[in-house]
2 protein chains.
Amino acid sequence: MKEKDITEKNCTEVRIMDAAERLFLKNGYNRTTTTAIAEQAGVTHAMLHYYYRSKEQIFARVLDKNLDELLASFHPVMKKGAPFWETLESGISTHFDFLMKHPELPAFILDTMRFNPELLENHKPRIRKTLLRITGFHYSIINDEIAAGRIRKTDPEQLLLDIIMLNLSAFIMLPAAANVFPEIGGKRMTGILEERKKEIITLIKSRLYREI
Amino acid sequence: MKEKDITEKNCTEVRIMDAAERLFLKNGYNRTTTTAIAEQAGVTHAMLHYYYRSKEQIFARVLDKNLDELLASFHPVMKKGAPFWETLESGISTHFDFLMKHPELPAFILDTMRFNPELLENHKPRIRKTLLRITGFHYSIINDEIAAGRIRKTDPEQLLLDIIMLNLSAFIMLPAAANVFPEIGGKRMTGILEERKKEIITLIKSRLYREI
DNA sequence: CTCTTGTTTAACAGCTCTGTTAATACAACT
DNA sequence: AGTTGTATTAACAGAGCTGTTAAACAAGAG
């Protein structure tokens, strides 16, 4: 008998992977049990081990895919050539929009960094490379503008932290708060997030205006 | 025979509570086992149940104490009377300094909100009350300045989110990142945090300057 | 039809976790 | 010395977790 076609949607193998991705993204490595993944996929938990050997290997696949997406999301941020203010604004907004499409990603990566950093070991070079590229790009456009006296003198490292922390924490803290105060969840959440994107852009731009 | 003096430092009861607080703050409810607490306190895990009945009740005590501290930390922020810019700056800085003394608190509360919101059920009225006081105070001083035309028109809700998210995420994200990239941990961390406090104050103030 | 091969299940092994309990050690008071 | 109540331990029960395995099942090949 031939192997089942892996491209076939809804075959056991991809159903398991889909379930695993949903649960790992929502709850992280430790809080997700192989039994729960199997249940969600509608199979026995022995199947996970049949297809993927171990929980750690399933997680590695999920992490791989999602980390790739996260790292790739930074590339369109670094568009050279456009005027400074435009580059800045579209950078922040591109990053925020990406998170809108992957709202669970920041908390997922944070959780992994906090409690399972060893599972990130293999990815460190790739992360470092992307981080270097983004900081390099960022430092260069910021320092150029500072040198030309067109923006206020600023530590680029801190400014980058400002942007990243503001963008990420919208998706990390608001959903958590909504768990406790449901009135900020659901419909209202998307409104708050839209507002936040605008606010973050305004905030960062204000930080850089030369004359105050 | 009389009960042991609970005030006596190093008696079993307080050793357990100390160990529980350390571990719960570090790892949250689910990732902390009663066995680990007992081990850390140097006793059998049967002792936890003898003194505190259940894991949930020990956690409730730890949560109680730490939530009290967190909520109390907002009170000195709301000093009325001082000039606006001074009030703003000292508010941010007081909050940040409090977190410096309790660096694990933000991640602990976040974790509880994310994964054990039911354990916060009893605390909701208290949290709500403090939140209302802080937002009320904040809205009033911001709106007064806007009305007087002394600061830029701004949504106070978003501004408060800016401040809280910036302050909290310094203590949530940086330690997590340090797990993966040790070069930002240890000595360097305190430096970064000092820089961040200054940066956050500058950032928020820039946001409000009327002329840009 | 039977053999083969990939898929699936049920059962189990070994571990860890929370919580209980019976037995014991111990201090104090009579 | 004997009684009483607290403190502590070791052992266990029951549940859930990860991972294994032997056996059942399904379907194409000869």
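Chain A is the first sequence line, chain B the second, and so forth, proteins listed ahead of strands; every chain is numbered from 1.
Taking atom CG on A/Leu48 and atom C1' on C/dA10, their separation rounds to 15 Å, with Å as the unit. Straight-line distance from the CE atom of A/Met47 to the P atom of D/dA23: 19 Å, rounded to whole Å. Between the CD atom of A/Glu13 and the C1' atom of C/dT8 there is a distance of 14 Å, rounded to whole Å. Rounded to whole Å, the distance from CD on A/Glu39 to C1' on D/dT18 is 16 Å. Rounded to an integer number of Å, the gap from CD1 of A/Ile58 to C1' of D/dC17 is 14 Å. To the nearest angstrom, P of D/dC17 lies 15 Å from CZ of B/Arg31.
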Exercise for review: Verify side-chain contact (heavy atoms from CB on, under 4.5 Å) between B/Arg15 and B/Asp18, making sure each step is shown before the conclusion.
Suggested key: CA-CA 5 Å; B/Arg15 289 238 311 291; B/Asp18 288 351; 5.8 Å; no
Exercise for review: Test side-chain contact (heavy atoms from CB on, under 4.5 Å) on A/Arg196 and B/Met165 and set out the steps.
Suggested key: CA-CA 11 Å; A/Arg196 275 220 70 63; B/Met165 286 183 173; 3.6 Å; yes
Review point. Nucleotide by nucleotide, 5' to 3', does protein get under 4.0 Å of the base (B), only the sugar-phosphate (S), or neither (-) in nucleotides 11-23 of chain C, counting heavy atoms?
Key: ------SBBBB--
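Within the 3.5 Å criterion, the main-chain N or O of A/Val62 finds a donor-acceptor partner in the side chain of A/Asn66. Listed for the B/Asn116 side chain is no donor-acceptor partner under 3.5 Å among the backbone atoms of B/Thr112.
The overall bend of the helix from C/dC1-D/dG30 to C/dT30-D/dA1, read as the angle between its terminal helix axes built from five base pairs each, is 30° when rounded to 10 degrees.
For the pair A/Lys55 and A/Tyr29, the cation-pi test (distance below 6.0 Å, angle within 45°) is passed.
Note: A/Phe171 and A/Phe96 meet the aromatic proximity criterion, with ring centroids under 6.0 Å apart. In this structure, B/Phe115 has its ring center at least 6.0 angstrom away from the ring center of B/Phe108.
A side-chain contact (heavy atoms from CB on, under 4.5 Å) with B/Ser93 holds for exactly one of B/Ile201, B/Ile200, B/Leu88; it is B/Ile201.
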